[in-house]
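Letters A, B, ... mirror the listed sequences (proteins, then strands); counts begin at 1.
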2 protein chains.
Amino acid sequence: MGHGIDGDTPTRSKEAVDAVARTMHALSTPSRVHLLLRLRDEPRTVGELVADVGMEQSAVSHQLRVLRHLGLVVGERDGRQIRYRLHDDHVAQLLDEAVFHVEHLTTGRVDPV
Amino acid sequence: MGHGIDGDTPTRSKEAVDAVARTMHALSTPSRVHLLLRLRDEPRTVGELVADVGMEQSAVSHQLRVLRHLGLVVGERDGRQIRYRLHDDHVAQLLDEAVFHVEHLTTGRVDPV
DNA sequence: TGAAAGTATGAACCACCGTTCATCCGTGTG
DNA sequence: CACACGGATGAACGGTGGTTCATACTTTCA
């Protein structure tokens with residue numbers, strides 16, 4: 001797959017590696033994955049998300065903050081509530097692909113080295 | 001992308017959510033991303049990887065173990081060394097897509113809620 | 001304006017995990 | 001067989017971060 005950068009021995013620019021790790025970190029806990037998958041379907045308010053995923057309101061806010069800082073979700077006020085949604089289609093695609101690939105490698109098991 | 005359960009309010013089968021989080025956890029640290037990206041180019045022995053990523057041999061072994069248990073890489077003996085490679089193309093694709101998407105959302109910044 | 005609903009925020013707690021250190025196991029070599 | 005090399009493994013340490021608790025902020029409503 002073409003990307004753009006380099007052409008010889010990349011050494012994988014540390015920044016790129018860090019960026020991937022930082023973003024993928026968002027998908028590394030069940031709570032955030034749950035929130036993101038819910039938001040992939042439709043925009044939801046914090047209160048709705050709390051009911052959806054069954055975590056405390058504070059925990060949801062904290063995790064939404066993390067996702068916001070990573071540019072994965074955005075939230076806008078609507079009355080006294082705040083409605084969150086995925087930042088753009090890239091996030092939705094990333095989620096879909098993550099789910100897809102994980103389904104296809106649930107083989108992950110024994111493998112005596 | 002239903003597989004079996006649900007129909008109305010998916011609740012995103014906790015197992016699927018957990019599986020995604022567990023697998024994405026592999027991409028959530030620079031060290032593992034570095035190792036995986038290196039292995040995406042070509043199979044490498046532990047010693048080569050140590051030289052590539054500049055971590056201690058023990059740390060590399062520990063992280064390779066994590067990746068092995070997740071079914072992302074496999075290793076086979078060759079003399080006294082062990083050569084690792086990505087488990088299959090799914091892993092390579094997942095890596096490519098992760099890098100691709102992360103490049104396209106480095107926008108992650110200010111966004112007053 | 002006072003109260004309540006909805007959400008954000010900071011601190012503290014605790015568990016997880018990535019790294020290091022020391023050691024052990026397996027495989028070639030003299 | 002003894003030794004060196006390559007790699008794995010377990011214990012311990014330290015830092016990160018997810019959750020909870022308590023509280024503050026904003027908006028709506030009576």
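In this structure, His25(A) atom NE2 and dC16(C) atom C1' are separated by 12 Å, rounded to whole Å. Counting to the nearest Å, the P atom of dG6(C) and the CG atom of Leu64(A) are 16 Å from each other. For the pair Leu70(B) CG and dC17(C) C1', the computed distance is 13 Å after rounding to whole Å. The distance from atom CD1 of Ile82(B) to atom P of dG28(C) is 11 Å, rounded to the nearest whole Å. Rounded to a whole Å, the CZ atom of Arg22(A) is 15 Å from the P atom of dT16(D). In this structure, CZ of Arg83(A) is placed 15 Å from C1' of dT27(D), rounded to the nearest angstrom. When the C1' atom of dC16(C) is taken as reference, atom NE2 of His69(B) falls 17 Å away, rounded to whole Å. In this structure, CZ of Arg65(A) is placed 6 Å from P of dG10(C), rounded to the nearest angstrom.
At least one side-chain heavy atom of Leu67(A) sits less than 4.5 Å from a side-chain heavy atom of Arg32(A).
With rounding to the nearest 0.5 Å, the separation of NE2 in His90(A) from NE2 in His104(B) is 5.5 Å. Interatomic distance, CG of Leu64(B) versus CD1 of Ile82(B), reported as 9.5 Å (0.5 Å rounding).
Distance from the side chain of Arg80(A) is smallest to dG6(C) among dT19(C), dG6(C), dG17(D). Here the side chain of Thr29(B) is nearest to one of dT27(C), dG18(C), dT7(C), namely dG18(C). Side-chain atoms of Glu56(B) lie closest to dC21(C) of the nucleotides dC17(C), dC21(C), dT9(D).
Residue order along DNA chain D, read from the 5' end via each residue's closest nucleotide, puts Ser58(B) first among Ser31(A) and Ser58(B). Comparing Ala59(B) and Gln57(A), the nucleotide of DNA chain D nearest to each residue sits closer to the 5' end for Ala59(B).
If you check distances only, the side chain of His62(B) does reach the base of dG10(D) with a donor-acceptor pair under 3.5 Å. The base of dA5(C) lies outside donor-acceptor range of the side chain of Gln81(A), with no N or O pair under 3.5 Å.
Between Arg40(A) and the choices Asp89(A), Asp96(A), Asp88(A), the salt bridge (Lys or Arg N to Asp or Glu O under 4.0 Å) rule is met once, by Asp96(A).
Look at Tyr84(B) and you won't find any side-chain N or O under 4.0 angstrom from OP1 or OP2 of dG6(D).
When all heavy atoms of Thr29(A) and Ala21(B) are compared, the closest pair comes out as C-CB, 3.5 Å.
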